[in-house]
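Lettering follows sequence order; numbering is per chain, from 1.
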Amino acid sequence: MFSFVLKRTAAAVPVMAMVAIIVFALLRLTPGDPAAIIAGDSATPERLEEIRALMGLDQPILVQLYVWISQLLQGDFGTSLLSGVPVTQMIGQRIGPSLALCLTTITVSVLVAIPLGVLAAWRQGKLLDRFVMSISVLGFSVPVFVSGYLLILFFSLQLRWFPVQGYQPLSAGLWPFLNSLVLPTVALSSVYIALIARITRTSVIEVMNEDFIRTARAKGLGERGVLMGHALGNAAVPIITIIGVGIALLISGVVVTESVFNLPGLGRLVVEAVLARDYPVIQALILLFAFIYILINLVVDVLYTVFDPRIRQ
Amino acid sequence: MKHFFSQKLTANIRLGLLAAVASGALFTTQVQAQTLTAVMHASLRLTDPVVTTAHITRNHGFMIYDTLLATDAENAIRPQMAEKWEVSDDGKTYTFTLRDGLKWHDGAPVTAEDCVASIQRWAQQDKSGQMMSAQMSEIKALDDKRFSMTFKDATDFPLIALSKPSGITPFIMPKRIAETPANQPIKEFVGSGPFKFVESEFRPGLQVVYEKNTDYVPRAEPASGLAGGKVVEVDRVRWVSMPDSMTSVNALINGEIDYLEQMPYDLLPLVQNNPDVKLEVLDEGGYQTVMRLNHLHPPFDDEKVRLAALYAVGQENVMQAMIGNTDYYETCPAVFGCGLPYESRAGEDVSVPANPAKARELLKEAGYNNTPVIILQPTDTPTVNTQPVVIGQALREAGFNVQMQAMDWQTVVTRRAVQAPPSEGGWNIFATNNVMVEALDPLRAFGVAANGKQAWFGWPDVPEIEELRLRFSQTTDTEERKKLADQIQALVIEKGVLLPMGQYYVPAAFRSSISEPLKSPVPVFWGVSKK
C-alpha cells in the first residue's frame, strides 16, 4: 500500500508541473491587462506602460515564467498584483468557508443520498423508487441560483430563521457557524444528493442481480442484511468515485453558491482574480485546485483498494 | 519537498487563517451596536488613492485622509484642512495656513511639509496636478503651519486643482509616506481624516473596516458636499463586498446591511414600498454615458463619418435600454453635465435625437466605402453592456457595416488602449460612463482633451480644443470660462471627439434606522447616525 501511495504521489509532480506551465501560458495568451485595472478608467497609455514595467509584465514571457517558477520552488506564490497581499495569505483567508461548505454539503449529501439510493434500489420500479428518482431529477435540474433565492425568500425574508448572506467562522461559535451554512448547504447539497442517490441506486441494483446476492438470500439472510452487508459494500466503488469528484468540485467550483449567499470562498476568489487578471492569484489557485484533485483521486484510489482488494493487484 | 513548502508559505497560510479566525471573533464582538455596514459599488483592493483613479479607492481616501480644500454642495471651493489661503497682489503666490488641531492617526501633528510632499506626489500622477506643476515655479513650506505656491502667471487654477473631489484627489499624507515614488503604491495607511483604517481587518475583495478617529477635530461649519464639519456619529464603518446585487438587496431588506451605495434599477420594486428602506439620489450630479470613436483609423479618421455616427445615435434609445426608469435619467446635450456650472446646449441637434436620415446623407457625402466598424461590447458589466447594442443598431440603420465584438470589460479596457488598426486588434467604438464630478469642466473632463496620441483612448487631434482648454485654465473670469466651455463643447461635437448619450442618477438605498447620508459626489459616512 505504501509503495502504491508513493508511486501515485511521485506521478503527481510532473502533472503539477504541466498544470503550472499550461496555466501560465494560457493566462499570458488571454486578452486583458492588470495594469489597466490598477490605473483606472482615465489612465493614459503612458501610465499603463509605467505600471506594466513596475509589475514586470513588460518582460518577455519566458523571463516571467522563469521568475515565477523560481519563486514557486522557494515556496513563494507571489503577491496579488492588485492588493499587494501575499497570495498564500489570501488563500488562507478564503479556504475556511470553502472547506466548511464542502464538508457540510458532502456530509449532508452522503447521509441523505446513500440511504435514499439504497431504498430506491430495494423498491426498484415501485412508488418509492419513482418518488426518489423524481425528486433527484428535480434536485439536479434546478440550478442553485434558483433554489438559493427560493430558500432565502422563504427561510430568511419571511420566516427570518437564517441570515440572507455571510459566513461566520467556527471561532464565532458553533451556532453562528452552522446558522450561516444551513441555506447554502441545503441549496448545494440538493444537487449532490440527487447525483449520489442515482449512482447509489444504479450500483446497488447492478449488484443485487449478482449471483452472490442470490446465494445470500438462499442462505436465509434477510433483505436488510443483504442490502447493508453484501450489496452496499460491493456497490461502493462508483459511489466513492462520485463523492470524490463532488468534493473536488465543491472546493473549486461553487462560485454561484458563494455569490448567492455571499460566502468568501475560493470559488469567488478565482473568479475575482480572473476578472481582474490578477495572475499570481489565478496561478496559485489553479495549482491548488490541481493539487486537491490529485489528492482526492489518490484517496479515492486508496479507498477502491479497501472496498475491492482486486484493484490492488 | 520540504524546501517547496517553505517556512514562508506555511507562515503566510497561518497568518491568513489566524486573521480569518480573528476577524470572526471581532465580527461577533464589535459588529452590532454602532457599526454601519455598507455594500459599496466595488470591492476595495488597491489602497493608494494616488496610484489609481478607481472610485472605490478614492472613496477609501475620503474615509482616512483629509484634503486641503474641498468643494461644497454648490461646487464652491472651501478650506478644509486649510484655515485660510491668501493670494499675493499680483495673483501669482498662494499662501495656505493649516488649521489648528490637525493630527495624523499616529498622533503626530500635521505640518506644512507634509502638505508640500503630498501635493508633489499627487501632481506627478494627476492630469490637473501636472498642468498645475507646469505653471508653478515654486512650492515651499514657510513654517510648520504655512506653505506657499508660486506660479509663473496670475491664476486660480491651484484652487480648482487642490479641491478636485474625484479622479485622483489630492489627499494629504504624512511626508514619510508621501515620499514614496508616485508610481509605487504606499504601504502605510496613516491619514488625518475622520476615520482610521483598521488594517488587521482588511480583506482585499471582501471587507474593509474603518473606526472613528476620536482625535479628529471637525470644522465648525455644517457638512456640505465634501466640505465642512466631518462629524462622525458611528464607531465603525464596515464595507462588505457582495458580488450578487439580488443578495445585497435581500440583505438590506433583512437588516443585515445598513447601506447600499448603488441600488439596481430592476430591483427597485422590491424596496419602494418598504417602510424600513429609503431611496435617495445622493450624488445629484449623476453620471453620463458617452460614446468614443477612434480617430486614428478608417472610417472615423474622416470628420464627416464621425459626425454621421453621432447623428445616428439617439440619447432616448440609449437611456431607455440602459436605465429604463424615467425617474432616474434625462437626455442631456451638455458635455459638462446638465444642472452643472458649464451646462451648454451646443450641438444639441446632433447629440440628442437620433437622425438616421442625416447620418445616411453624411455617409454618402463622405463616400463611405462600407469599412467595418468594430464596436467593443462588454458583456459582464451591467452599466456598460447595453450601450454598444443600441449604438450598433443605430449605426446599422444609418448604413454602417457594424461588427460587434463581445468580450469582458477588462478586455475592453486593454483593447481600447491598442492604437493598431481595427483589423490588427484595434477598435472603432467603445462606450463608457463618466461620473459628472469628473467631467464638469473642460479641464477635469479627460474625454474632451484632444491632443492626439497624448489624449484619452480614441486619440482625437483638434488643436483648437487644446488652445481653448489652455485659455480656460489661465483665465479667472467666470463668464469667460463659460464662453470657453461652450465653444469647447461645440467643437467636441462638431469634430466627433465625444458623444454624450444621456445623464443618469443612481439611487442609494439605506435602512430607515440610519439617518440620511450626506448628498455628495462621493459616498461619505460622516454625519450619519444609527439608531
Side-chain angles (χ1 to χ4, degrees), chain A residues 31-33 36-48 50-51 54 72-77 80 82-96 149 152-153 156-157 160 163-166 168-173 176 259-262 264 268-269 271-272 275-277, chain B residues 3-9 12-17 19-25 27-28 43 45-47 51-54 127 167 183-185 187 203-206 240 242-244 246-248 250-251 253-254 256 380 407-411 413-415 417 419 432 438 446 453-454 456-457:
Chain A
D33 182 3
I37 299 157
I38 291 170
D41 203 35
S42 57
T44 58
E46 294 78 35
R47 174 87 185 111
L48 292 177
E50 203 178 292
I51 296 174
L54 198 71
L72 270 185
L73 292 174
Q74 294 171 55
D76 180 3
F77 282 75
S80 161
L82 268 78
S83 63
V85 173
V87 174
T88 43
Q89 193 178 322
M90 289 178 83
I91 291 173
Q93 287 170 358
R94 302 285 193 108
I95 204 165
Y149 286 139
I152 288 171
L153 179 67
S156 299
L157 296 179
R160 294 184 175 264
V164 168
Q165 53 80 42
Q168 299 283 358
L170 198 50
S171 59
S259 298
V260 168
F261 294 99
N262 191 33
R268 255 176 72 186
L269 181 61
V271 171
E272 288 162 15
L275 289 176
R277 308 292 192 271
Chain B
H3 189 55
F4 186 82
F5 292 100
S6 71
Q7 285 181 332
K8 189 173 179 183
L9 171 71
N12 274 332
I13 289 176
R14 244 191 335 255
L15 190 66
L17 287 171
V21 169
S23 72
F27 181 85
T28 48
S43 306
R45 292 186 181 86
L46 294 160
T47 41
V51 165
T52 179
T53 55
K127 283 272 175 203
N183 58 5
Q184 285 175 28
K187 292 191 166 65
R203 305 279 172 274
L206 289 181
V240 291
M242 288 193 197
D244 184 71
M246 183 77 210
T247 303
S248 43
N250 281 335
I253 292 169
N254 216 31
E256 292 170 35
D380 62 328
M407 56 194 70
D408 70 342
W409 173 247
Q410 291 315 327
T411 305
V413 168
T414 309
R415 181 87 175 265
Q419 293 188 344
T432 188
E438 288 175 3
F446 49 82
K453 291 197 175 177
Q454 301 304 309
W456 194 52
F457 315 106

I need the minimum non-hydrogen distance between [X] and [Y], along with the two atoms involved.
X: B:Ala251; Y: A:Gln165; value: CB-CG, 3.8 Å
X: A:Leu54; Y: B:Pro185; value: CD2-CD, 4.5 Å
X: A:Asn262; Y: B:Pro243; value: OD1-CD, 3.6 Å
X: B:Ile253; Y: A:Arg160; value: O-NH2, 4.1 Å

Side chain from CB out, backbone as N, CA, C, O: work out which of these in [X] comes under 4.5 Å of a heavy atom of chain B, or both, or neither.
X: A:Glu50; result: side chain
X: A:Leu157; result: both
X: A:Leu275; result: both

Heavy-atom pairs under 4.5 Å with chain A: which of [options] has the most?
options: B:Gln419, B:Gln454, B:Met407, B:Arg415; result: B:Gln454
options: B:Ala417, B:Gly205, B:Ser43; result: B:Gly205
options: B:Asp244, B:Asn254, B:Asp380; result: B:Asn254

Check whether B:Glu256 reaches the backbone of A:Pro163 with its side chain - one donor and one acceptor, N or O, closer than 3.5 Å.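 Side chain of B:Glu256 to backbone of A:Pro163: no pair is present.
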Would you say B:Thr247's side chain and A:Val260's backbone share a donor-acceptor pair under 3.5 angstrom? yes
Under a 3.5 Å cutoff, is there a donor and acceptor pairing between the side chains of B:Arg203 and A:Ser83? no
Side-chain heavy-atom pair A:Arg277, B:Thr411 within 4.5 angstrom cut-off: yes
Part of B:Lys187 lying under 4.5 Å from any heavy atom of chain A: neither
